[in-house]
Amino acid sequence: MDVKIINAFLTAGLNAFQSMFMIEASNNEPYLLKPSTGHPWEISGLLGLTGDCGGVVAFRLHKVLSLKMLELSGMTFKPEERDIMAKGLVSEFTNIISGNAVTGLNHINLDISPPVTISGHNHVISWPQGYPVIAIPFTTKFGPFEVDVCFK
């Protein structure tokens, strides 16, 4: 996978957390994800990419970080809507990270599908078969998150 693609998503993840939530995030070394193994994440925002190269992007985190993001967003909601609003925010944040990364990749023609959110302990993502999934881990004072990228 082109390092420019990885760097675009790394930069987009760092910038989005800072600009939207005033949360400092730092990245750790990207690694090759083994999709068949389990994972610790409780929520994943997913979207597909089409164009010059197709793929899937996932923004993955723990519920506690999603709730902190919701709190810092300033959005108003009823207490019984909290979990639904947090999942919606994760979905939109996935869209923002991907949109910003794709904008930085102006040498590649890419279109973004609408994001979806899946949740639950050890939920499964059906990654494109035969293509590497690069995981970009981040840390914040409110918990870790990860941006996973797979391009054909």
Tell me whether Glu92 contacts the main-chain N or O of Leu89 through its side chain, where contact means a donor paired with an acceptor under 3.5 Å. no
When you measure from the side chain of Asn27 to the backbone of Phe138, do you find a donor-acceptor pair of N or O atoms at a distance under 3.5 Å? no
Can you give each donor-acceptor pair under 3.5 Å made by side-chain atoms of residues 142-152, sequence neighbours left out, with the distance rounded to 0.1 Å?
residue, atom, partner, partner atom, Å
Glu146, OE1, Tyr31, OH, 2.6
Asp148, OD2, Arg60, NH1, 3.0

Is there any ring pair (Phe, Tyr, Trp, His ring centres under 6.0 Å) pair reaching into residues 64-88, and which pairs are they, with sequence neighbours excluded? none
Any side-chain heavy-atom pair from [X] and [Y] closer than 4.5 angstrom?
X	Y	result
Val56	Leu49	no
Thr94	Ser91	no
Leu47	Asn95	yes
His39	Leu33	no
Thr117	Leu46	no

Side chain to side chain donor-acceptor pair (under 3.5 Å) partners for Asn28, two or more places apart: none
In chain order, what residues pass the side chain to side chain donor-acceptor pair (under 3.5 Å) check against His62, with sequence neighbours excluded? none
Going by the rule side chain to side chain contact (heavy atoms under 4.5 Å, CB included), which residues pair with [X] if we only count those two or more places apart in sequence or in a different chain?
X	value
Ser119	Ile43, Lys87
Glu71	Lys68
Asp52	Ile108, Asn109
Lys34	Thr37

Neighbour count above 12 (heavy atom, 6.0 Å) for Glu80 CD: yes
Quick one: [atom1] on [X] to [atom2] on [Y], what's the gap to the nearest 0.5 Å?
X	Y	atom1	atom2	value
Leu110	Thr50	CG	OG1	7.5 Å
Phe93	Ser98	CZ	OG	10.0 Å
Lys63	His121	NZ	NE2	14.5 Å

For residues 17-26, please give each side-chain donor-acceptor pair under 3.5 Å, one per line with the distance, not counting sequence neighbours.
residue, atom, partner, partner atom, Å
Ser19, OG, Asn15, O, 3.0
Ser26, OG, Thr139, OG1, 3.0

